[in-house]
Each structure stands twice: as structure tokens, then as C-alpha cells.
Amino acid sequence: MVTMRDVAALAGVSITTVSHVINETRPVAGDTRERVQKAIDETGYTGDAIARSLVMGGTKSLGLAVSLVSHPYFAELIAAIESEATRNGYSLVLIDTRDTPESEQAAVRMLRSRRVDGLLLTPSAGGGSLVLPELKRLSIPTVLVDRLTVAKDIDQVGPENVQATSGLVRHLAELGHRRIGIVCGKAGVATTEERILGYRLGLGRAGLKWDEALVSQSGWLAPLLDQDDPATAVVAADHLVTVGMLHEMRARGLKLGTDLAVVAYDEVEWATLIEPPLTTLAQPVEEIGRTAVKLLLSRIADPERPPETIRLAPSLMHRQSCGC
């Protein structure tokens with residue numbers, strides 16, 4: 001293994017000088033810094049991150065615990081988080097929570113064992129019931145991302161779900177629909193609950209009655225169609241739900257926007273490739289990711305500052321699947 005001593009010998013400087021260049025603990029003359037950097041490049045020296053963390057009081061790494069489901073939204077979110085972390089001189093350690101409380105707790109403890117300076121967490125169904133009390137008790141710098149709680153004692157950033165979904169429902173009602181349904185994914189997830197709340201709010205604002213038969217939390221469209229008075233318009237609560245709905249409509253020979261009006265929470269790259277194009281709410285994914293990292297770095301720098309909850313509004317991508 002290449003050591004700092006090897007780098008120092010090749011550069012013709014002391015080990016202390018190499019340390020100052022690597023850790024940026026003291027100014028080093030430009031030509032000396034160049035010799036050290038050249039020696040590092042030639043030897044492939046990587047250093048000892050754990051030893052360095054003991055000296056510097058931190059690993060310059062952030063942990064991200066998220067469910068690595070097959071969902072373009074999370075892939076885009078992770079990319080935004082990693083980009084912002086890198087821009088600030090931090091590496092990102094990613095681990096899958098598998099969207100269960102037990103796996104989530106194991107994932108968070110694994111990140112803690114890696115001595116990450118702070119944690120970014122997308123809570124599993126149940127809102128992080130196992131890990132959040134532990135993180136708060138240990139005063140681990142933490143930011144919740146995407147799936148937020150009603151708690152006021154933790155930093156969190158995610159999409160605005162209630163008013164946005166309400167707007168989708170009201171738009172469908174303004175087009176004359178009276179049997180408006182919603183299809184959701186996994187029950188118990190904060191975003192699911194908030195979008196159902198927004199759906200219910202939208203019905204009330206449109207003067208329509210709540211009908212539990214028009215709510216499917218199974219992810220399936222069929223229950224809304226297989227009834228005596230079926231839905232004529234549907235809100236798809238996320239990307240995966242939208243895909244399943246379109247498959248079901250094709251199997252039944254239903255024409256999008258004509259036989260069934262559809263609006264969806266989550267923009268998808270193929271939204272304009274289908275006929276008619278899909279009306280969606282596009283989340284500000286990149287901004288959510290950047291803001292999450294900034295919040296976490298602020299918490300690391302100032303552990304006593306007041307917690308913040310930031311909701312970022314999605315943008316309506318108005319197309320023709322709603323029947324317009």
C-alpha cells in the first residue's frame with residue numbers, strides 16, 4: 001500500500017507538508033503543492049479516510065438511506081443529491097432501505113458505522129418510526145427527503161402534495177367530471193397520504209362528495225372501473241401507478257382522454273410520446289436534492305439552528321390526457 005511517506009519522498013518534501021496539502025490544514029506554496037499533487041497522481045495514493053476523519057473531526061461524507069425501487073424519480077433525486085454533495089466537497093454513501101422499517105433501521109446504523117457526517121433519509125412506510133427517535137436521541141444531523149412528517153423538530157424538504165393534488169381534482173371537475181377517482185401506491189407512505197388528502201380537499205372545493213369506492217390504494221385501476229357507476233376521470237398518484245393504469249386501459253380498449261380522463265402526479269420522460277400526451281405534475285426533483293444537501297450542511301455547521309420544513313411546489317404540465 002502506498003503511504004504518505006512514499007508521496008513525501010517522491011515530492012522531496014516532509015510528511016507534514018503532504019498532510020497539509022491533502023487536508024488543507026495550512027497554506028502550502030504553489031510549486032510545492034504542485035509537486036505533492038504530481039506525486040499523489042503518480043503513486044495513486046488515496047490516504048486513510050478513517051485516520052483522516054479522526055484528525056479532521058469528520059469524514060467529509062454524507063449518508064443517503066432511500067428505497068432503491070425501480071422509479072425514475074428516485075434515480076433523478078439521488079443524482080441531484082450526489083451532485084450537490086460533490087460540489088461541496090463531500091462524498092455520498094448510498095444504502096437501500098428496502099422500504100421497510102427494519103431494513104431502514106439497519107441501513108441507518110450501517111451509515112452511522114461509516115462515520116458519515118450527516119444523514120439524508122427518505123422514510124419508509126410508517127414515517128421512520130424506528131429510526132427517527134434514535135437519530136434525534138443521538139443528535140445525528142439528519143434531513144428527511146421527499147416523504148415528510150408533521151414533526152417540527154427535524155429538517156425536511158420535499159414536494160408540496162396537498163394543494164397540488166387538489167388542483168388536479170378541481171381541473172377535472174371543471175371539465176364536467178363528477179366521478180373522479182384516485183389510484184395510489186403503497187399505503188402508509190407520507191406522499192400517498194398527503195395526495196389522498198389533497199384529492200379529498202379538491203373534491204370538497206369542487207362541491208363533490210367523498211366516495212371511498214373511488215379510492216384505490218392497491219395501485220390498481222380496475223376497482224374504479226368495475227362498479228355500477230364507474231369513474232370517468234382518475235388521478236394517478238405516482239409514476240408507477242400511471243404505468244399500471246395505462247396497461248389496464250389498453251387491456252380494456254379504453255381511449256385515454258376520451259373514455260377515461262387521466263392526470264398524474266410525477267412527470268415522466270415519455271409523457272409527450274403517447275397519444276394524447278399525458279397531463280402531469282412535474283416535481284422540482286433537482287431543487288429538492290440540492291436543498292436537502294444544503295439543509296444538512298447547515299445543520300452540521302450549526303447544530304443549534306431552528307429546524308426547517310421546506311415544501312417545493314410541482315409544475316403543472318397541461319396536456320390532453322385530461323380531455324382538454
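- Shortest non-hydrogen contact noted between Ser61 and Arg115 is OG-O, 4.3 Å.
- Residue Ile182 is grouped with residue Ile180 when hydrophobic side chains (ILVMFWY) are merged at heavy-atom distances under 4.5 angstrom, including chains of intermediate members.
- Although no hydrogens or angles enter the test, the distance criterion places a donor-acceptor pair under 3.5 Å between the side chain of Lys186 and the main chain of Asp99.
- When the side chains of ILVMFWY residues are joined at heavy-atom separations under 4.5 Å, either directly or via intervening members, Leu68 and Val189 end up in two distinct hydrophobic clusters.
- With 3.5 Å as the limit, one finds no donor-acceptor pair spanning the side chains of Thr16 and Ser19.
- With sequence neighbours excluded, the residues satisfying salt bridge (Lys or Arg N to Asp or Glu O under 4.0 Å) with Glu84 are Arg87.
- Annotation: salt bridge (Lys or Arg N to Asp or Glu O under 4.0 Å) contacts of Arg179 (sequence neighbours excluded): Asp211, Asp229.
- No side-chain donor from either of Thr86 and Ser83 sits under 3.5 Å from a side-chain acceptor of the other.
- Minimum interatomic distance between Ser67 and Thr97 (heavy atoms only, all atoms of both residues): N-OG1, 3.3 Å.
- In this structure, the side chain of Asp117 engages the main chain of Lys60 through a donor-acceptor pair within 3.5 Å.
- Every residue meeting the salt bridge (Lys or Arg N to Asp or Glu O under 4.0 Å) condition with Asp155, not counting sequence neighbours, appears here in chain and number order: Arg299, Arg305.
- A salt bridge links Arg290 to Glu286: one of the charged nitrogens lies within less than 4.0 Å of a carboxylate oxygen.
- Residues satisfying the ring pair (Phe, Tyr, Trp, His ring centres under 6.0 Å) criterion with Tyr90, sequence neighbours excluded, are absent altogether.
- A donor-acceptor pair under 3.5 Å links the side-chain atoms of Arg147 to the main chain of Pro123, judged by distance alone.
- Every residue meeting the salt bridge (Lys or Arg N to Asp or Glu O under 4.0 Å) condition with Glu134, not counting sequence neighbours, appears here in chain and number order: Arg109, Arg112.
- Pro159 approaches Ile288 most closely through the heavy-atom pair N-CD1, 3.8 Å.
- Partners of His318 under the ring pair (Phe, Tyr, Trp, His ring centres under 6.0 Å) rule, at least two apart in sequence or in another chain, are His171.
- Ion pairing between a basic and an acidic side chain is recognised when a charged N comes within 4.0 Å of a carboxylate O; Asp226 and Arg252 show such pairing.
- Formation of a donor-acceptor pair under 3.5 Å by the Thr242 side chain with backbone atoms of Ala236 is not found in this model.
- Salt-bridge check for Glu194 with Arg311: passed, with a basic side-chain N closer than 4.0 Å to an acidic carboxylate O.
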For this session: With side chain to side chain contact (heavy atoms under 4.5 Å, CB included) as the test, would you mind laying out the steps for Thr280 and Val263 before giving the verdict?
Result: CA-CA 6 Å; Thr280 66; Val263 293; over 6 Å; no
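- No donor-acceptor contact under 3.5 angstrom links the side chains of Tyr73 and Asp238, judged on distance only.
- Closest approach of Ala264 and Leu278 over heavy atoms only: CB-CD2, 4.3 Å.
- Proximity of a side-chain donor or acceptor of Thr165 to a complementary backbone N or O of Tyr199 within less than 3.5 Å is not detected.
- Tested against Val18 for a side chain to side chain contact (heavy atoms under 4.5 Å, CB included), the candidates Thr3, Val7, Asp6 yield a single pass: Val7.
- For the side chain to side chain contact (heavy atoms under 4.5 Å, CB included) with Val93, the lone residue among Leu62, Leu64, Val116 that qualifies is Val116.
- Cluster membership for Leu295 and Leu92, using ILVMFWY side-chain heavy atoms within less than 4.5 angstrom, is shared.
- Applying the 6.0 Å contact sphere to CZ of Arg178 captures more than 12 heavy atoms from other residues, nucleotides or ligands.
- Of all heavy-atom pairs between Leu148 and Leu144, the closest is CD2-O, 3.8 Å.
- Under a hydrophobic-cluster definition in which Ile, Leu, Val, Met, Phe, Trp and Tyr are linked whenever side-chain heavy atoms come within less than 4.5 Å, directly or via other members, Val235 and Leu256 are assigned to different clusters.
- Annotation for Leu168 and Leu281: closest pair CD1-CD1, 3.5 Å, computed over non-hydrogen atoms.
- Other residues, nucleotides and ligands place more than 12 heavy atoms under 6.0 Å from the NZ atom of Lys136.
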